[in-house]
There are 2 protein chains.
Amino acid sequence: MGDLEVRQLRYFVAVAEELHFGRAAARLDMAQPPLSRAIRALERQLDTTLFERTTRQVALTPAGEVLLRDARTALEAVTAAAHRAHQAGRTAPRLRIALKADLDGGLLPRILDAYAAEAAALPPELVLGGYGEQPQALRDGRADVALLQLPCDDRGLDSEPLLTETTLVALAATDPLAARTALHPDDLSGRELPDGAPADGLRPARPSSLRPTAARRASNLSEILSLVETGSIVFFAPASLARRHPRPGIAYRPVHGLPDSTLAVAWPQDARSPAVAAFVRAACTTAAATPAPAHRTAPHRPAAS
Amino acid sequence: MGDLEVRQLRYFVAVAEELHFGRAAARLDMAQPPLSRAIRALERQLDTTLFERTTRQVALTPAGEVLLRDARTALEAVTAAAHRAHQAGRTAPRLRIALKADLDGGLLPRILDAYAAEAAALPPELVLGGYGEQPQALRDGRADVALLQLPCDDRGLDSEPLLTETTLVALAATDPLAARTALHPDDLSGRELPDGAPADGLRPARPSSLRPTAARRASNLSEILSLVETGSIVFFAPASLARRHPRPGIAYRPVHGLPDSTLAVAWPQDARSPAVAAFVRAACTTAAATPAPAHRTAPHRPAAS
DNA sequence: ATCACCCATACCGCCAGGGTATCAATGCCG
DNA sequence: CGGCATTGATACCCTGGCGGTATGGGTGAT
């Protein structure tokens, strides 16, 4: 059985995600016939049926499900090799730190100070990304280390928790629910979350009627908070964020039974760089040295109203 | 920066391992010029120098070292995708168990019995491999689960230790050292180990003068034991193996300070198959149910003489 | 029954990538 | 110090794999 090629995996993943040869071909910027042929060739090569296709429907077989999972991680590993080699070849290497802006619990400046004092420190470079993109940034080599929320998809990663805070929900101050001091998850039924919100992390406590798709796309925190102020969406945030972004038009309220939000430092499992080790050390000591009460805001005292 | 292709990674790894374009080309079954061009193109694509080359010498740059490591894991991930998809597409899927013959501590039959009783069990299929090939077999998808010795290169793997035994050294009965009841690592200085022996696992206690290359290639245990009997080599083995393969011509002796040999069950970190879980469960309960004294042979009572 | 949709097949053209021949730089040795 | 062997780089050619266009054929909806 000859070796697979990256192109074949990309094609397969596109079709498996779209479940439609035409759309997948468009996404790959190619015509549909060569794509169909390539998938057929792949199936012959693996001696396996990957798709159950009729002229009206395309579905993954069990073998296809397996390949989808493994193909994604293989593609991540390949692009990681490219990114890391490119990075290692730069004349001035840097430590690329992935994080979601405003979700660092206010620790970032102190962590960076402690990190800068380490002997093995390289100049830091922030890699900003949306909700839940940090793990993938580590896996595909765009970043060397990350600050992220647990739990997350940690395949191939190691992590160390830094601090745990209460998760609050941000509501418009005019919202009827803002009059109450604490909420139940069911109270939020039917509300909308910002686009790309962490549906995964909150799934256990989130009623299914809470949709993670907002009418309008909001990429940064101010846009999201503006949408909250107008009552278009609600938004889950760790207590530290609530404390650092008080707004008159927004009320932060605890939700009964909502899982805590844990900030962690994470890195690729096979990382060997001393700069990564230095950053992890800096992050852990900074978190340990930070007075816990200031960060574990008690749920009965919402930060703004 | 365009995506890398598997072919480029294979070429790079070959050159990085051979540090010689001609030999690498021969290994890849191609001519040297296209290989040189491909590597140059790769360097342009990554905007990085991977090799420092003169006409007489080829050396890896730091970026090249990074890429070598990542390229190997990426290639493993790609072949894993192929192997697992192929396996998942078989009409009669099986659980592929990797192990080194005769190093299972005698637990295998009982583990297989316990496993067969599990509801999620698939028919087992043994994948035999040499020393230390088990981790790679898991990573590249040739096996679903493995019995192996710790410590090992466990990147991407999870493992659960099953039992720890004393490590003994096998000597010819006629060897002067066989007259003694216990040895010191330095006593073995200058002896040869069988080809492909676990130099890594024993490195801490092994004097550097102990060479892991034998004059003759020996693939299976009987061949190795024959070489031991003739005094050609010495051989490290867990106590259970010594107990199960007593030979008049061979003396097993404890070595002071030699690390214990730990048998573990291991599996790919992202494994989701219920059959793997069933096997791990079976292995752990079997090991727990096995009377410890029978397996933790006391070092002061060598099994044969 | 017709139509629209969508995957498969047939056929064509291009260029990426491999082969051969050769050059050029380097270290060895007489 | 000058040939010589070694080895990576360059020049040039050619083949086959891959993508494009045109079209077929099967299926579900109205």
Side-chain angles (χ1 to χ4, degrees), chain A residues 1-61 63-64 67-68 71 75 78 82 89, chain B residues 1-61 63-64 67-68 71 75 78 82 89:
Chain A
M1 168 172 48
D3 255 351
L4 291 190
E5 276 301 325
V6 166
R7 186 179 41 82
Q8 302 178 281
L9 294 179
R10 279 206 315 272
Y11 289 4
F12 169 77
V13 170
V15 176
E17 285 180 356
E18 299 285 346
L19 291 179
H20 188 291
F21 282 79
R23 278 195 297 275
R27 200 172 101 181
L28 293 167
D29 201 26
M30 65 185 292
Q32 167 260 319
L35 179 58
S36 287
R37 263 187 308 154
I39 297 291
R40 279 241 175 269
L42 178 62
E43 290 180 320
R44 264 200 312 277
Q45 192 173 337
L46 297 176
D47 192 25
T48 311
T49 307
L50 298 171
F51 295 103
E52 219 58 80
R53 21 199 183 305
T54 69
T55 54
R56 312 295 295 175
Q57 178 133 344
V58 176
L60 275 173
T61 62
L67 183 59
L68 178 56
L75 289 176
V78 171
Chain B
M1 174 171 47
D3 255 350
L4 289 189
E5 276 301 327
V6 166
R7 186 178 42 80
Q8 302 179 279
L9 294 179
R10 277 205 317 271
Y11 289 4
F12 169 77
V13 169
V15 176
E17 285 180 355
E18 300 284 347
L19 291 179
H20 188 294
F21 282 78
R23 280 195 296 274
R27 199 173 104 182
L28 293 167
D29 202 25
M30 65 185 291
Q32 168 259 321
L35 178 58
S36 286
R37 264 187 305 157
I39 298 291
R40 279 242 173 269
L42 177 62
E43 290 181 319
R44 265 200 311 278
Q45 192 174 336
L46 297 176
D47 192 25
T48 309
T49 307
L50 298 171
F51 295 102
E52 219 58 79
R53 26 198 181 304
T54 69
T55 54
R56 313 296 296 177
Q57 178 135 342
V58 177
L60 274 173
T61 62
L67 183 59
L68 177 55
L75 288 176
V78 170

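None of these values were measured; they are calculated from a predicted model. So that the names make sense, note that chain A is the first sequence line, chain B the second, and so on, each numbered from 1.
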Could you go through nucleotides 20-22 of chain D and list every protein N or O atom that sits under 3.5 Å from one of its N or O atoms, giving the distance for each pair?
unit_1: D/dG20; atom_1: OP2; unit_2: A/Ala31; atom_2: N; d: 2.7
unit_1: D/dG20; atom_1: O6; unit_2: A/Arg37; atom_2: NH2; d: 3.3

(request) Calculate the interatomic distance between B/Arg40 atom CZ and D/dT10 atom C1'; express it in whole Å. (result) 11 Å
(request) Enter the distance from A/Gln45:CD to A/Glu43:CD here, rounded to the nearest 0.5 Å. (result) 11.5 Å
(message) What is the distance, to the nearest angstrom, from the CD1 atom on B/Ile39 to the P atom on D/dA9?
(response) 10 Å
(request) Determine, stepwise, if the pair A/Phe51 / A/Thr61 fulfils side-chain contact (heavy atoms from CB on, under 4.5 Å). (result) CA-CA 5 Å; A/Phe51 295 103; A/Thr61 62; 5.7 Å; no
(message) Applying side-chain contact (heavy atoms from CB on, under 4.5 Å) to A/Leu46 and A/Gln8, what does each step give before you reach the verdict?
(response) CA-CA 12 Å; A/Leu46 297 176; A/Gln8 302 178 281; over 6 Å; no
(request) State the OG1-CZ distance between B/Thr49 and B/Arg44, to the nearest 0.5 angstrom. (result) 12.0 Å
(message) Under the side-chain contact (heavy atoms from CB on, under 4.5 Å) test against B/Leu50, which residue among B/Val15, B/Leu60, B/Leu67 passes?
(response) B/Leu67
(request) Could you grab the distance from atom CZ of A/Phe21 to atom CD of A/Gln32, nearest 0.5 Å is fine? (result) 8.0 Å
(request) First locate atom CD of A/Glu18, then atom CG of A/Leu35, and finally report the distance between them rounded to the nearest 0.5 Å. (result) 10.5 Å
(request) Measure the CD-CD distance between A/Glu5 and B/Glu5 for me, rounded to the nearest 0.5 Å. (result) 4.5 Å
(message) For B/Thr54, is there any backbone N or O sitting under 3.5 Å from a side-chain donor or acceptor partner on B/Gln57?
(response) no
(request) At the 4.0 Å heavy-atom cut-off to chain A, mark where contacts on DNA chain C begin and end, going 5' to 3'. (result) C/dC5 to C/dT9
(message) Go nucleotide by nucleotide along DNA chain D from the 5' end; which of A/Leu35 and B/Gln57 gets its closest nucleotide reached first?
(response) B/Gln57
(message) Applying the side-chain contact (heavy atoms from CB on, under 4.5 Å) criterion to B/Leu9, which one of B/Leu42, B/Val78, B/Leu75, B/Leu68 satisfies it?
(response) B/Leu75
(request) Tell me which residues in residues 42-56 of chain B put a heavy atom below 4.0 Å from DNA chain C, sorted by number, or none. (result) B/Thr55, B/Arg56
